[in-house]
Number of protein chains: 2
Amino acid sequence: MKKANTKTRTPRGTADQILDTAQQLVQTRGFNAFSYADISANLGITKASLHYHFATKASLGTSLIERYDAAMTGMLSTIAGKVRNSREKLQDYVAIYRSVLANRRLCLCGMLAAEYTTLPKAMQKALDSYFQHNEAWLAEVLAAGRTKGELSYDGDPVDAAQYLVGALEGAMLIARSQGGQARFDAATRRLLAEFGA
Amino acid sequence: MKKANTKTRTPRGTADQILDTAQQLVQTRGFNAFSYADISANLGITKASLHYHFATKASLGTSLIERYDAAMTGMLSTIAGKVRNSREKLQDYVAIYRSVLANRRLCLCGMLAAEYTTLPKAMQKALDSYFQHNEAWLAEVLAAGRTKGELSYDGDPVDAAQYLVGALEGAMLIARSQGGQARFDAATRRLLAEFGA
DNA sequence: GTCTATAACGAGATAGAC
DNA sequence: GTCTATCTCGTTATAGAC
């Protein structure tokens with residue numbers, strides 16, 4: 001076999017390293033505020049080589065979102081698979097965002113949502129999918145949680161899920177520059193309490 | 001007199017027109033995704049002339065935030081001056097954000113918060129002030145409202161105000177590309193209900 | 001798959017005439 | 001206060017050698 005699906009730490013390929021660096025840059029500076037030169041400097045590889053792996057910045061950006069979406073889907077599956085109660089699932093979901101902010105980053109897709117009107121169509125589509133997946137998972141957790149009496153809130157679970165995502169993204173966005181982790185934690189305590197978590 | 005402080009519609013000066021155009025561009029595209037050429041095209045004035053009014057993009061950006069902050073302060077004074085109950089004050093506050101989104105824009109300072117790490121220091125300072133002013137006004141409304149029994153919520157009014165600002169900015173941010181005005185309205189209904197408004 | 005070299009363009013900014 | 005003209009730099013992207 002050429003590539004084993006092991007869980008051991010395999011040396012990341014160049015494309016992955018490029019994506020890692022680009023992701024960090026987008027999460028801290030935004031898609032319109034980083035360049036191939038930045039990645040080149042961080043990785044010690046020339047700009048021309050970057051174009052071998054990702055011909056255009058648009059294709060790099062699209063791969064970035066798709067990988068992020070897939071990683072999130074994986075984490076949500078893991079959370080769901082632990083089959084604990086819905087309260088904990090919600091807490092774990094919030095914890096994902098918390099750990100992103102702890103690295104002084106924003107959610108990749110929250111950042112890109114701010115730049116939405118300037119993004120290539122392919123990136124916009126990928127972004128739409130990301131939020132779709134996230135909110136569908138959350139709505140399901142909220143619906144099941146209320147049925148089981150583990151969570152409590154009013155109205156439509158889909159509305160509630162959308163509210164949650166927006167509030168979480170906003171809390172990260174503002175907390176990064178105003179108040180930091182403490183502010184984010186205070187906000188999410190309030191948010192979770194609202195759902196009986 | 002050279003300039004009367006009248007409330008009649010006086011023809012806006014060139015600097016004001018530049019700020020108007022720049023503000024619209026930042027609110028839709030972001031500070032890093034617009035150029036002097038864009039303003040030039042929109043206003044029919046050369047880039048060189050723009051530099052006469054705002055020598056650097058950083059100075060233009062700083063003026064933008066300061067003007068936005070002042071306008072917001074004015075609106076908050078007006079709301080406060082109408083001396084109705086705190087519920088209505090909170091609703092009016094939310095309505096300000098709503099009208100911004102209705103023009104397919106984000107809050108200027110929410111957008112800039114996403115780009116925070118790439119902004120000149122002067123712009124960062126001005127942004128900090130904007131949020132400080134906003135949250136101080138909100139915290140005061142929340143504190144008084146609870147005392148008078150017009151609002152109800154748990155914990156520190158300052159925490160609550162910060163939570164509110166984050167949730168509102170996030171609701172706008174995501175709603176612009178995912179769900180639009182309807183999604184924003186659903187989110188703010190939930191948010192207001194949380195405070196007994 | 002990575003490199004050197006360069007093209008093609010747009011950015012922020014300045015000099016100096018009117 | 002607005003213009004023309006220009007400068008310098010950074011950007012995405014490509015050609016072609018190794």
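Any value given below was found using the heavy atoms of this structure, including those in side chains, with hydrogens, waters and symmetry copies removed. We name chains A, B, ... by the order of the sequence lines, and we start the count at 1 in each one. Everything quoted here is computed from the prediction, not taken from an experiment.
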### Query
Within less than 4.0 Å of OP1 or OP2 of D:dG1, is there a side-chain N or O belonging to B:Tyr52?
yes
### Message
Can you tell me how the ring of B:Phe195 sits relative to the ring of B:Tyr153, calling it parallel under 30°, perpendicular over 60° and tilted otherwise?
### Response
tilted
### Task
Measure from the side-chain N and O atoms of B:Arg98 to the backbone N and O of B:Gln181, and report whether any donor-acceptor pair falls under 3.5 Å.
no
### Message
Does A:Tyr116 form a side-chain hydrogen bond (donor to acceptor under 3.5 Å, both in side chains) with A:Asp128? I'd like the steps, not just the answer.
### Response
CA-CA 10 Å; A:Tyr116 195 85; A:Asp128 298 346; 2.9 Å; yes
### Query
Just checking, is any N or O donor in the side chain of A:Thr118 or A:Asn32 under 3.5 Å from an acceptor N or O on the other one?
yes
### Query
Please give, in whole Å, the distance from C:dG1 P to A:Gln17 CD?
13 Å
Listed pairs, N/O of protein and of nucleotides 11-15 of chain C, under 3.5 Å:
from, atom 1, to, atom 2, distance (Å)
C:dA11, OP1, B:Ser35, OG, 3.1
C:dG12, OP1, B:Lys57, NZ, 3.1
C:dG12, OP2, B:Tyr36, N, 2.9
C:dA13, OP2, B:Lys57, N, 2.8
C:dA13, N7, B:His51, NE2, 3.2

### Query
Is the shortest side-chain N/O distance from A:Ser49 to OP1 or OP2 of C:dC3 below 4.0 Å?
yes
### Task
Give a yes/no on whether any side-chain N or O of B:Thr46 is located under 4.0 angstrom from OP1 or OP2 of D:dC3.
yes
### Query
Should the ring pair B:Tyr97 and B:Tyr93 be called parallel, tilted or perpendicular, given that the plane angle runs from 0 to 90° and is split at 30 and 60?
tilted
### Query
Can a side chain N or O of B:Thr14 be found less than 4.0 Å away from OP1 or OP2 on D:dT2?
yes
### Query
Is the side chain of A:Arg87 donor-acceptor paired with the backbone N or O of A:Leu192 at a distance under 3.5 Å, no angle test?
no
### Message
In whole Å, I'd like the distance from the NE2 atom of A:His53 to the P atom of D:dT12.
### Response
17 Å
## Note on the structure
Nearest heavy-atom contact between A:Met172 and A:Leu101 is CE-N, 3.8 Å
### Query
In whole Å, what is the span from the CG atom of A:Leu50 to the C1' atom of D:dT14?
14 Å
Donor-acceptor pairs are to be reported for all side-chain atoms of residues 39-46 of chain B against protein atoms at under 3.5 Å, with residues two or more places apart or in another chain.
from, atom 1, to, atom 2, distance (Å)
B:Ser40, OG, B:Ile45, O, 2.5
B:Asn42, ND2, B:Asp38, O, 3.1
B:Thr46, OG1, B:Ser49, N, 3.4
B:Thr46, OG1, B:Ser49, OG, 3.1

### Query
Just how large is the angle between the end axes of the helix from C:dG1-D:dC18 to C:dC18-D:dG1, five pairs per end, to 10 degrees?
0°
